[in-house]
Amino acid sequence: MHAALEISGLRAQNQVLKKGVVDEQANSASLKEQLKQRDQSLRKQEQEMDSLSFRNQQLAKRVELLQEELAASEAKGKKGKSKGDSPSQHGLQTQSVFDEDLQKKIEENERLHIQFYEADERHKKTEAELRERLEKLEKDAEQHHGVVDGLTTKYAETIERLQSDKARLEVKAQTLEREAKECRMRTEDCQQQLRRCQSELNRQVKQSSSVIQEKVPFNDTSEYLRSVHCAAFQLKARDVAGQAMSFIQDLVAALLNVHSYTEQRVHIYPLDSSIETISPLNQKFSQYLHENAAYVRPLEDSFLQLYQSITEDTVTVLETVVKLKIFSDNFSSYTHFLQKILPYQLKSLEEECEAPLCTAALSAKNQELQSDIKRVTSVFEKLQNYINLLALPSVRQDAMPHSNTSAVFTQLAACLHSLHDAIKEMSKHYNQKADIERELPTVTQKLCTTTECLLGSLGSLTSCTGKIATFFSNNLDFFTSSGYSPRGSTAALNPVQAESMLANKKKATAYIQAVKKVSPQSVPYREALSNRRILTSSTESREGLTQQVQQSQEKIARLEQEKEHWLLEAQLGKVRLEKENQRIAELEAQLAANLYPSNNAPSKDNKILCSLMLCLTLQVGDEESREQLIKSHYMARVGELTTQLQISDSKAVHFHSECRALAKRLAIAEKSRETFSEEVKLANQNITRLQDELATTKRSYEDQLSMMSDHLCSMNETLSKQREEIDTLKMGSKV
């Protein structure tokens, strides 16, 4: 639809541009015609000017001739002055006529010169204007041609792209039509099978009902099934709570690590607290982060209380789960803690952006992290609201209608998925920020180590939230189902009914135990339930125990290697100690011999004694410096090993969570593969059946065609015989 609108818009623009180009071309043609007419008028005026100049030359020559004749006549007049007055008067008259004629010609010549000059100026001005206008129009025409060419190319590319999209969509539509036909055929087959199954089940139900009415005097299976359903619901609730407890423990551990490593990073970047004092803002932020355990640990403790309150001897509904309110209060406290540290966290990121070596890319990542942190905090606030809503029925039964419970659980599942997406986006942006920070020249190894630990904690938090969201979505049907309700009613079970139900259950248990004393051969009920829980939990925890055994074996092997190493070091130290003791004993013997000689020794012995004392002093000093060097070396080595151990632990936790997620994905993929293989088998069976039907139909059509051909042949023979008889009768009637 969008492509069609785009094409219609482009076509309208193309028509407008074509119309503009046509108008400009017509305007250019009219201007060229005007220019041609002006050129013709100019040539006509030039011809007139040439004729006038030629006429002027003729007049000038005539004037010269007249002047010459006048001069000759004046000369003759002087010679013949003595003659009569009549010739002189005639000469004067002729001279005056010539003068007037000359004056007129001169005036006419001046007027023609002026007209010619003015016409020439007007022509030049008009020609210049027309040339300027022509150049402008030519430029506009070139621009329009360029625009038209560009639009034509663009339209051609757009048309080609749309045609390819159309072809692809047609192919896709054909594929979808084929799939729809196959699905319709499969649906029809399934409907037929469903009708057959329904008819068969109805027949069996009728038969069973008739047998029950005839043979069974009473039916007490409904209460038995009801009790089995309630027990199964309670076991499922216990199992689900146990799984949620493990996820909450992982979540609490990940949150503690994230807050702790964030506190360490605040002390390192942008200012190292071991070298200079950090800003008051980061000091306050670090102080608040240091208190994170007081808000995070109660989440695990309160949920543990909730898990312990859900037993097989209790009734688990929202109205009876009182411990959920404690967990809701602790979760609200943690949400308030996140709201309290939010402005300090945002200001701390702004302070990192104001650092001297902060690049534009790093500032952009910090801004993205600010938006991610705001989003995570808002999602936690939504979670708090939904958890508070779920905890209200345990405080006041009429606080929330039972019909709204399903909607609250559905919104809570969507909110958990939003939390996973937000933390995943924040982890991605933090990874990109860490890559940019590693390229900075002032980054330290301490900062890199802390950042890697923080990234590992964020990865664990992302994996944990994803597992929680998936777990909640998978068990959404269980959460929204009504496990307990009074007989013949759709209302929820209130605490009074639950207490009465538990009392009756205890009486029934006591009765069963009393019966079991009479028949001790039966297995005790509690022992059977315990065995069932052991079997269920052993199957679920087998993978975890296997991983723990592998980790323990690896740790034992590593400790054995360290033990061998330190045994060798101890033996070497023992050998060195024995050598040093022997050396000290020899030196003491020499010293005693020099101090208590048998006779008076010369002064040379005193010199030897002084040199020995000096050597002992130097050796003691060397030993102390050597011990100090060894101590500093091993302290540095211990620090490095501690750092590597932290990194390895965080990576191991991350890899462990990823492996568990991949294992679950593999199991899901295996299930989908089995489902698809079953569908393929059904499709092959349908294809085989359809091919058989096609062959049967084809054979029936061929048989019908052969029968029709035989029938047509017989009809043709009958018609030919009738025609022959008619011709014979006609011939006989003519005779």
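In this text the structure is predicted, and so the values were computed from the model without any measurement.
When the salt bridge (charged side-chain N to carboxylate O under 4.0 Å, His left out) test is applied to E678, no partner is found at least two apart in sequence or on another chain. The ring-ring contact (aromatic ring centres under 6.0 Å, His included) search around Y307 returns none, not counting sequence neighbours. With sequence neighbours excluded, the residues satisfying ring-ring contact (aromatic ring centres under 6.0 Å, His included) with Y288 are Y344. Y386 meets the ring-ring contact (aromatic ring centres under 6.0 Å, His included) test with no other residue; sequence neighbours excluded. Under the rule for a salt bridge (charged side-chain N to carboxylate O under 4.0 Å, His left out), K374 has no partner lying at least two apart in sequence or in another chain. Listed by chain and residue number, R265, K433 satisfy the salt bridge (charged side-chain N to carboxylate O under 4.0 Å, His left out) test with E352 (two or more places apart in sequence, or in another chain). Not a single ring-ring contact (aromatic ring centres under 6.0 Å, His included) links F285 to another residue, sequence neighbours left out. Under the salt bridge (charged side-chain N to carboxylate O under 4.0 Å, His left out) criterion, E658 pairs with no residue, sequence neighbours left out.
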Step-by-step side chain to side chain contact (heavy atoms under 4.5 Å, CB included) determination, N475 to K236: CA-CA 10 Å; N475 293 282; K236 178 67 175 178; 3.6 Å; yes
Verdict with reasoning, Q339 to E381, per side chain to side chain donor-acceptor pair (under 3.5 Å): CA-CA 9 Å; Q339 292 173 352; E381 292 175 1; 2.6 Å; yes
Verdict with reasoning, I326 to L306, per side chain to side chain contact (heavy atoms under 4.5 Å, CB included): CA-CA 9 Å; I326 302 174; L306 175 62; over 6 Å; no
Test log, rule side chain to side chain contact (heavy atoms under 4.5 Å, CB included), inputs Q384 and H336: CA-CA 10 Å; Q384 172 196 349; H336 293 324; 4.1 Å; yes
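A donor-acceptor contact shorter than 3.5 Å is absent between the side chain of R438 and the backbone of C448. Checking side-chain atoms of N282 against main-chain N and O of I278 turns up no donor-acceptor pair under 3.5 Å. A donor-acceptor pair under 3.5 Å is formed between the side chain of N292 and the backbone N or O of L289. A distance-only check finds a donor-acceptor pair linking the side chain of S302 to the backbone of P298 [under 3.5 Å]. Using modelled atom types, one side-chain atom of Q370 and one backbone atom of L346 make a donor-acceptor pair closer than 3.5 Å. In this structure, S463 contributes its side chain and S460 its backbone to no donor-acceptor pair below 3.5 Å. Judged by distance alone, the side chain of S672 and the main-chain N or O of A669 form a donor-acceptor pair under 3.5 Å.
Screening residues 412-429 for salt bridge (charged side-chain N to carboxylate O under 4.0 Å, His left out), with sequence neighbours left out, gives E425-K428. Among pairs with a residue in residues 424-473, those fulfilling ring-ring contact (aromatic ring centres under 6.0 Å, His included) read F247-F471, F472-F479, at least two apart in sequence or across chains. Evaluation of the side-chain hydrogen bond (donor to acceptor under 3.5 Å, both in side chains) test over residues 252-263, restricted to residues two or more places apart or in two chains, returns H259-Y334, E263-H290. Pairs engaging residues 358-367 under the salt bridge (charged side-chain N to carboxylate O under 4.0 Å, His left out) rule: K365-E368 [sequence neighbours left out].
Taking a cutoff of 4.0 Å between a charged side-chain nitrogen and a carboxylate oxygen, D301 and R297 do not qualify as a salt bridge. Salt bridge annotation for K671-E674: absent, with no cationic side-chain nitrogen under 4.0 angstrom from a carboxylate oxygen.
Atom-to-atom distance recorded for L383:CG and T335:OG1 is 7.5 Å, nearest 0.5 angstrom. A distance of 12.5 Å separates NZ of K382 from OG1 of T377, quoted to the nearest 0.5 Å. Atom CG of L458 is separated from atom CD1 of I423 by 8.5 Å, given to the nearest 0.5 angstrom. Interatomic distance, K467 NZ to D250 CG, rounded to the nearest 0.5 Å: 6.0 Å. Interatomic distance, L255 CG to C464 SG, rounded to the nearest 0.5 Å: 8.0 Å. Here CG of N385 is found 9.5 Å from OG of S328. Values are rounded to the nearest 0.5 Å.
You'll find the side chain of L362 stays beyond 4.5 Å of the side chain of C353, heavy atoms only. Looking at Q308 and L304, their side chains come closer than 4.5 Å, going by heavy atoms from C-beta outward.
Counting all heavy atoms, side chain and backbone alike, A434 lies closest to L455 at CB-CD1, 3.8 Å. Closest heavy-atom contact between R375 and S418: NH2-O, 4.2 Å.
In this structure, F327 and F303 have perpendicular ring planes: the angle between them is above 60°, well past the 30° mark.
At a cut-off of 3.5 Å, with distance as the only test, a side-chain donor of H267 or S286 sits close to an acceptor on the other residue.
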